[in-house]
Amino acid sequence: MSHLEIWIALIGMAVVTIVTRAFFLMAGERVTLPDRIQRALRYAPAAALAAIVVPDLMTWQGHFTLSPANYKLVAGIAAALFYLATRKMVGMIAVGMAVYTALRLLG
């Protein structure tokens, strides 16, 4: 790919990202979803995130591993417990990364 093609691709991806995310803000209150769909969507982000993160936490060095030797899983559990106790998202990320880094350095 040439430099021009790379820049066109980057700008195109930025435009698509901005438009798709801003669409709901631009629509404002003119577009409303039925209550049933709003209730269903309340839990959709958590389910989507879990579907992405959990499989990664359960693999270690390319193999499915459910043991304390899986540092990603241990760090994920520590982060989840911290979040359940405090409900602080940034703290959860910090705890997860701190536990993962400590296990990798000490292990």
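Quantities reported herein were computed from a predicted structural model and do not represent experimental measurements.
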Mind listing the closest non-hydrogen atom pair of [X] and [Y] along with its distance?
| X | Y | answer |
| --- | --- | --- |
| Gly96 | Ala79 | CA-CB, 3.8 Å |
| Tyr83 | Met92 | CB-SD, 3.6 Å |
| Ala78 | Val99 | CB-CG2, 3.9 Å |
| Tyr71 | Arg104 | CD1-CG, 3.9 Å |

Item to check | CG on Leu106 to OG1 on Thr101, rounded to 0.5 Å | outcome: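 So the gap between those two atoms works out to 10.5 Å.
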Please determine whether residues [X] and [Y] belong to a single hydrophobic cluster, defined as Ile, Leu, Val, Met, Phe, Trp and Tyr linked transitively by side-chain heavy-atom distances below 4.5 Å.
| X | Y | answer |
| --- | --- | --- |
| Leu73 | Phe64 | yes |
| Leu81 | Val54 | yes |
| Ile11 | Val19 | yes |
| Ile77 | Phe82 | no |

Item to check | Leu66 vs Asn70 side-chain heavy atoms within contact, under 4.5 Å | outcome: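 The answer is no; the side chains never approach within 4.5 Å.
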Checklist entry - Heavy atoms, side chains only, cut-off 4.5 Å: are Lys72 and Leu103 in contact? => result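 No. Closest side-chain heavy atoms not under 4.5 Å.
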Checklist entry - With no hydrogens and no angle check, is any side-chain donor or acceptor of Thr65 less than 3.5 Å from a backbone partner on His63? => result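 Yes, Thr65 side chain to His63 backbone: donor-acceptor pair under 3.5 Å.
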